[in-house]
Visitor: 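Please see the structure below; I have some questions.
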Amino acid sequence: MDKWVLIDGNSIIYRAFFAMPPLTNSAGLHTNAVYGFTTMLLKLLEEEKPTHMLVAFDAGKVTFRHEGYEAYKGGREKTPSELSEQFPVLKELLQAFGIAQYELSGYEADDIIGTLSRLADEQGVETVVVSGDKDMLQLASDHVTIALTRKGVSEVERYDPAEIKEKYGLTPLQIIDLKGLMGDTSDNIPGIPGVGEKTALKLLHEYDSVEGVLANTADLKGKMKEKVETHQDSAVMSKRLATIFREVPLEKSTDELAYGGYDAQTLADMFRKLEFKSLIERMALPEAGGGADAGVPAEAPTYEVVSAASLGKAELASLLASSESVYIETIGDNPHQARLIGLAIANGERIAVLTYDDLMDPALSAPVRSWLEDEKAPKRGYDLHKAELALGWIGISLRGIAFDALLAAYLLDPTESSQTLAALIQRHRLSAIQTDEAVYGKGARLQVPEGEALANHLAAKADAVRRLVPLLSEELEKGNMTKLNDELEQPLAVVLAGMEKQGIQVNPAVLEDLGAELEKGITRYMSDIYTHAGMEFNIGSPKQLGEVLFEKLGLPVIKKTKTGYSTDAEVLEKLEPYSEIVKMILHYRQLTKLQSTYVEGLLKEIRRDTGKVHTYYRQTIAATGRLSSQYPNLQNIPIRLEEGRRIRKAFVPSEPGWKILAADYSQIELRVLAHISGDEKMKQAFIEDADIHTKTAMDVFGVTAENVDANMRRQAKAVNFGIVYGISDFGLSNNLGITRKDAAKFIEQYFAVFEGVRTYMDTIVAQARQDGYVTTLLERRRYLPEIKASNFNLRSFAERTAMNTPIQGTAADIIKLAMVKMDAELRERGLRSRMLLQVHDELVFEVPADELELMKTLVPEVMESAIALDVPLRADVSYGDNWYEAK
DNA sequence: GCATCATGCAA
DNA sequence: TATTGCATGATGC
């Protein structure tokens, strides 16, 4: 049985372009639309198993539809160059897939598809038409189903005539009448002005067709009658424009559409050119390519893989002494619970592999263990931070970390989504290694091989590190980041591991009591909400909640998400006046959030044996240079509302009589801004240690300190925040609930006062445009390729990022410096106090009573002197019996 | 089982 | 259509 799949190429590539995040290969070619198209193709091939396939394209600019209506498809924005450059690529890709493509001068893709689907219908061939355009529904029939893309491209929704009937109450052909009445702004088809989908459907249910409506205008009333009568011609013309022409003189026989599968080698070469690594992986395409610029194939290893067990004592000792790299393998995302798989130690010719079992055999592993723990034996590796934790939990302390390829790769491009070894190797055009997923599988299918397969993979990774180290070092040097790496990030990794291993004590009783209290509140609100709604439903489901609020109770819809009604807190606050249920829902949300994320979530993370939680700070995630925190995230523990703030009472010292001491930078980001912009007015404010938001209000509103009221200060504060985030009038207006015009006025007034800030913002954007990147005070770098995009949204985002990253990133640099210095201070002074947490602008310690007075001065001193700026840095310190009290 | 979405917490 | 993150429950494949 034949099965045809007909694809509307133009429609799908457009959808793909706007649905996919920007993506370029290393040659700078945009590939996102082609990527999206490809994922859709793969899905179709798998699900439909077509015998015949065709991708149709529009040809030329003028089609028969323009005869008599020149404005057809007028008013469309020009295709962005980022997309138009992908058309030839797509056509090449289709060739590689072996899929037929067709275009015919004077006709659009949908006419070609219309004609072919008519033939399919006549011959009774099962056919699927794929498009993003609802017009295509008119082609549906007993044999032809229409697959419309839905959110993204790879997901489609299928329609046969019955489903169209169900959804619209129309036959496929009536879809044409629908468009005749309602028009289509994207094609510049007018329809009847003022008639939208709702009205059009109502009319069609009554009168069947455009002609039917026009013949019965007498039945209509008022405005509606007037509109329909005035725009009769328009409706008729619109219907004509919307009608897909199904008699195109095809110069192609349907035999030419036969699909015989793709050639794996050809496709792999194409994917490599596009750098679709994940797809090569997913489809298990061959590694080596025949093409000129195909990826670098895996070469025969230049090293010998040996089991450490098979080496003589002397041989092993000499290999360790001359080691060039080490790779330590763990499985599991949380390094505190990760399973240590094994390790490989490489010098040029020989790579020794130890499995976990080998490592647990004291006789065998003693020399390796002492090498790992030897501060003087330099280790060059990959993600040694994680390795240090995993080793730490089995009683081995990793010392002497000299270079970390992951950290270096992050500094070289902190936005790169994949920093895996396989990806790094490929980016540097070194001979390929297998991905972890290919070797281990993932999720439920995760299976670590034994013996040689595992040894070879570990060895390949150790070898990969060995080859990457000199390349990455050199690139760091070129980017002026050697010092940042060697003196800040690398030492910090060790400091972080120490903090993480130490952990922070959590008192479960505090959480359990709070949990019991929350439970009561949750039960109460739940029953109140059910009573008020007149039914029971899952309040936690935005979908069900939306149905209750907006359909059952009829509250006004404020905002929509891409899947339905929005019910977020911002929306609910606007709905408060309409129904008492809204406030209950807000309270319910607040309590359940605390219960599930903070009470239950935190309890789950407490180690049974020690009563502590051990977070994992990730040093290679945030594009700005900040840390992030996982398992649990201790950087988002509630503080703003009292109810949530009480969670902090559970964080206590791990030794009796000790205190929790916390110190936070005051206004560090605005101080950084004052420094890097050099704005005199702002610098002066900090030199005087003024309240910056009040000072801003005074200057922007032109009043004296006494005349700054709370509202003025609040607005000034919002503007200051906006400045740090890369301001836009839209963003500020949204935040302050004022018009965009007023917001723009505010910003203008602000810039009139802080001229240096304006100059800085202009300069940094220009610089980003010129260099392609921005830097922080310590030369941390972030590339912003989209600063040159023609797409307004992409470009604006890049511009805001250019403004924000040097500020947020420099603040991150500074607290990281303070952490490294603080750690050294504690050591050198032989103090027992321990640094436990970092929360972006705050450091948290546990401190014995006899060190409290010293630490109260030492911590802020170290933080304030971490770096000298043109304005003073200020850190406020506080302490108490738990984190809540340290406020 | 897995990915994605909506939501909300922090700086 | 304001910057950077992470965890949760619901949902749909």
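Per chain, numbering begins at 1; letters A, B, ... match sequence-line order.
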Visitor: So which heavy atom on A:Ala866 is nearest to which on A:Leu817, and how close?
Guide: O-CD1, 3.6 Å
Visitor: Using a strict 4.0 Å threshold on nitrogen-to-oxygen distance, state whether A:Arg445 and A:Glu437 make a salt bridge.
Guide: no
Visitor: With a 4.0 Å cut-off on heavy atoms, is A:Asp841 in touch with a base, just the backbone sugar-phosphate, or nothing at all?
Guide: sugar-phosphate
Visitor: So which heavy atom on A:Leu843 is nearest to which on A:Gln838, and how close?
Guide: CD2-CG, 3.7 Å
Visitor: Is the phosphate of B:dA3, meaning OP1 or OP2, less than 4.0 Å from a side-chain N or O of A:Lys442?
Guide: yes
Visitor: I'd like a table of donor-acceptor pairs (distance under 3.5 Å, sequence neighbours excluded) in which one partner is a side-chain atom from residues 736-743 of chain A, with atom names and distances.
Guide:
unit_1: A:Thr739; atom_1: OG1; unit_2: A:Asp742; atom_2: N; d: 3.1
unit_1: A:Thr739; atom_1: OG1; unit_2: A:Asp742; atom_2: OD2; d: 3.3

Visitor: Just wondering, do A:Leu634 and A:Glu605 contact through their side chains at under 4.5 Å, heavy atoms?
Guide: no
Visitor: Figure out the CD/P separation between A:Glu643 and B:dC9, and round it to whole Å.
Guide: 10 Å
Visitor: Determine, step by step, whether A:Val859 and A:Leu661 satisfy the side-chain contact (heavy atoms from CB on, under 4.5 Å) criterion, reporting the C-alpha distance in whole Å, the side-chain angles of both residues, the deciding distance to 0.1 Å, and the verdict.
Guide: CA-CA 9 Å; A:Val859 173; A:Leu661 179 143; 4.0 Å; yes
Visitor: For residues 803-815 of chain A, please give each side-chain donor-acceptor pair under 3.5 Å, one per line with the distance, not counting sequence neighbours.
Guide:
unit_1: A:Asn804; atom_1: ND2; unit_2: A:Val724; atom_2: O; d: 2.8
unit_1: A:Thr805; atom_1: OG1; unit_2: A:Arg782; atom_2: NH1; d: 3.0
unit_1: A:Thr805; atom_1: OG1; unit_2: A:Thr801; atom_2: O; d: 3.1
unit_1: A:Gln808; atom_1: OE1; unit_2: A:Thr624; atom_2: OG1; d: 2.8
unit_1: A:Gln808; atom_1: OE1; unit_2: A:Arg626; atom_2: NE; d: 3.4
unit_1: A:Thr810; atom_1: OG1; unit_2: A:Leu777; atom_2: N; d: 3.2
unit_1: A:Thr810; atom_1: OG1; unit_2: A:Pro806; atom_2: O; d: 2.5
unit_1: A:Asp813; atom_1: OD1; unit_2: A:Arg780; atom_2: NE; d: 2.9
unit_1: A:Asp813; atom_1: OD1; unit_2: A:Arg780; atom_2: NH2; d: 2.9
unit_1: A:Asp813; atom_1: OD2; unit_2: A:Thr776; atom_2: OG1; d: 2.6
unit_1: A:Asp813; atom_1: OD2; unit_2: A:Leu778; atom_2: N; d: 3.3

Visitor: Think A:Gln544 has a side-chain N or O under 4.0 angstrom from the OP1 or OP2 of C:dT11?
Guide: yes
Visitor: Atom CG of A:Leu591 and atom P of B:dT7: how far apart are they, to the nearest Å?
Guide: 18 Å
Visitor: Determine: side-chain N/O of A:Arg640 to OP1/OP2 of B:dC9, distance under 4.0 Å, yes or no.
Guide: no
Visitor: Any side-chain donor-acceptor pair under 3.5 Å between A:Gln635 and A:Tyr617?
Guide: no
Visitor: On the 0 to 90° scale, with breaks at 30° and 60°, tag the A:Tyr616-A:His336 ring pair as parallel, tilted or perpendicular.
Guide: perpendicular
Visitor: Using OP1 and OP2 only, check whether a side-chain N or O of A:Ser566 sits under 4.0 Å from B:dT7.
Guide: yes
Visitor: Rounded to the nearest Å, what distance is computed from the NZ atom of residue A:Lys560 to the C1' atom of nucleotide B:dC5?
Guide: 16 Å
Visitor: I want to check something: taking the side chain as every heavy atom from C-beta on, are A:Val700 and A:Gln715 in contact at a cut-off of under 4.5 Å?
Guide: no
Visitor: Between A:Asn734 (CG) and C:dT3 (P), how many Å, whole number?
Guide: 12 Å
Visitor: Identify whether any heavy atom of A:Arg782 sits under 4.0 Å from a base atom; if not, whether one sits that close to sugar-phosphate; answer base, sugar-phosphate or nothing.
Guide: sugar-phosphate
Visitor: Between A:Leu594 (CG) and B:dT7 (C1'), how many Å, whole number?
Guide: 14 Å
Visitor: In chain order, what residues pass the side-chain contact (heavy atoms from CB on, under 4.5 Å) check against A:Glu642, with sequence neighbours excluded?
Guide: A:Arg645, A:Arg646, A:Tyr884
Visitor: By nearest atom, which of the nucleotides C:dT4, C:dC6, B:dC2 is closest to the A:Ser628 side chain?
Guide: C:dC6
Visitor: Can you list, in residue-number order, the parts of residues 798-819 of chain A that come under 4.0 Å of DNA chain B, counting heavy atoms only?
Guide: none
Visitor: Which part of the nucleic acid, if any, lies within reach of A:Ile621 when heavy atoms closer than 4.0 Å are counted: base, sugar-phosphate only, or nothing?
Guide: sugar-phosphate
Visitor: Whole angstrom is fine here: how far is it from CG in A:Leu572 over to P in B:dG8?
Guide: 7 Å
Visitor: Picking from C:dG5, B:dA11, B:dC5, which would you name as closest to the side chain of A:Arg626?
Guide: B:dA11
Visitor: Looking at DNA chain C, which of residues 661-677 of chain A put a heavy atom within less than 4.0 Å of it?
Guide: none
Visitor: What is the nucleic acid contact for A:Phe797, judged by heavy atoms within less than 4.0 Å: base, sugar-phosphate only, or nothing?
Guide: sugar-phosphate
Visitor: Measure all distances between protein nitrogen or oxygen atoms and nitrogen or oxygen atoms of nucleotides 7-9 of chain C, and list the pairs falling under 3.5 Å.
Guide:
unit_1: C:dA7; atom_1: OP1; unit_2: A:Tyr631; atom_2: N; d: 3.0

Visitor: Please pick, from B:dT7, C:dA2, C:dT4, the nucleotide with the shortest atom-to-atom distance to any side-chain atom of A:Arg589.
Guide: B:dT7
Visitor: Within less than 4.0 Å of OP1 or OP2 of C:dT1, is there a side-chain N or O belonging to A:Ser728?
Guide: no
Visitor: Are A:Glu799 and A:Arg769 packed together at the side-chain level, in the sense that at least one heavy-atom pair is separated by less than 4.5 angstrom?
Guide: yes
Visitor: Side chain of A:Tyr598 only, please: which of B:dC9, B:dC5, B:dT7 is the nearest?
Guide: B:dC9
Visitor: Taking all heavy atoms of A:Ala818 and all of A:Val862, pick out the closest pair and write down the distance.
Guide: O-CG1, 3.8 Å
Visitor: Would you mind telling me which of B:dA11, B:dG8, B:dA3 lies closest to the side-chain atoms of A:Asp568?
Guide: B:dG8
Visitor: What is the distance from OH of A:Tyr588 to C1' of B:dA6, rounded to the nearest Å?
Guide: 15 Å
Visitor: To the nearest Å, give me how far apart CD (A:Glu570) and P (B:dC9) are.
Guide: 13 Å
Visitor: Could you tell me whether A:Ala743 contacts a base, only the sugar-phosphate backbone, or nothing, with contacts defined as non-hydrogen atoms closer than 4.0 Å?
Guide: nothing
Visitor: With heavy atoms under 4.0 Å as the rule, sort A:Val724 into base, sugar-phosphate or nothing.
Guide: nothing
Visitor: What interatomic distance, in whole Å, is found between P of B:dC5 and the corresponding atom of C:dT1?
Guide: 15 Å
Visitor: Is the phosphate of C:dT4 approached by A:Thr624 (side-chain N or O, under 4.0 Å from OP1 or OP2)?
Guide: no
Visitor: Which pair of heavy atoms, one from A:Ser666 and one from A:Asp876, lies closest together, and at what distance?
Guide: CB-OD2, 3.9 Å
